[in-house]
Amino acid sequence: MKKILVTGFDPFGGEKINPALEIIKLLPSSIEGNEIKVLEIPTVWRESIRVIEEEIKRFNPDFILSIGQAGGRTDISIERVAINIDDFRIKDNAGNQPVDEKIFEDGENAYFSTLPIKAIQKKIKDNKIPASISNSAGTFVCNHVFYGLRYLTEMKYKNIKAGFIHIPYLPEQVIDKDNSIGSMSLETILKGIELAIKAIFENEIDIKAIGGEIC
Ligand code: PCA
């Protein structure tokens, strides 16, 4: 039996809901005999990482998957890399707006996801849900958390594998926005995230599959 911690952010940037939070509320407590623990985290600089580290100490997971909203994206995007920079275009939920600051002074410039990103993408697409590999998690709180997770699992909690998935808006979030903005139903995203979790438990080592971009 393995254990995964799945985190979801609270709403930010004027939105009333965050699909990541809605998803973690619907996840089962186990999948194929493996345990799932969910954790709501604040969309707040530094505090977000602190809350996760407390839960790591309590739950001692084998894997951590953080989920965040990426408004405008059209599919489930599996993040490949976290970078050591905070450059917030908007204020976080506590009014912080760091610009061009390192997340951890003694960290690497970047860390790759240690989750099997290609296996996750394949599993989701094989089940007829659009998914892609993303090479940027942005420079806001999601990248901050992804980097923080990888820093902590690189420096302190070396037995834990960690990564990040961005999900689109829900349809109800785009009805008053530009019609061309992408969205995905809660049901479809939930299925996609459950498939991602299964792929994490099933693939100790990632598969080799094309998932790159030309530019
Ligand atoms: N998305 C934001 C932060 C919280 C969230 O769900 C981001 O992509 O940085």
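In listed order, ligands and their atoms are each counted from 1.
The proximity of H144 to ligand 1, defined as any non-hydrogen pair under 4.0 Å, does not occur for either the backbone or the side chain.
The aromatic ring centres of F201 and F63 sit less than 6.0 Å apart.
Of the possible polar contacts, none joining the E35 side chain to the S30 backbone as a donor-acceptor pair under 3.5 Å is found.
For ligand 1, the polar-atom distance check finds an N/O of N18 within less than 3.5 Å of one of the ligand's N/O atoms.
Between N18 and D10 there is no side-chain heavy-atom pair separated by less than 4.5 Å. Residues M184 and I167 fail the side-chain proximity criterion, which asks for heavy atoms closer than 4.5 Å.
Numbered from 1 in the order shown, with element, the atoms of ligand 1 that lie under 4.0 Å from a heavy atom of T43 read 3 (C), 4 (C). Close contacts of ligand 1 with G68, meaning ligand atoms under 4.0 Å from a residue heavy atom, involve 6 (O). Within ligand 1, counting atoms from 1 as listed, the ones closer than 4.0 Å to a heavy atom of H166 are 7 (C), 8 (O). Distances below 4.0 Å separate heavy atoms of Q69 from the following atoms of ligand 1: 1 (N), 2 (C), 5 (C), 6 (O), 8 (O).
Among F140, F9, F146, the residue whose heavy atom lies closest to atom 4 (C) of ligand 1 is F9.
Here the heavy atom of the protein found nearest to atom 9 (O) of ligand 1 is C142 N, 2.9 Å.
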* Does the pair E53 and Y157 meet the rule for a side-chain hydrogen bond (donor to acceptor under 3.5 Å, both in side chains), with working shown? -> CA-CA 10 Å; E53 188 173 10; Y157 307 97; 2.6 Å; yes
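Counting heavy-atom neighbours within 6.0 Å of I205 CD1, excluding the residue itself, gives a total of 12 or less.
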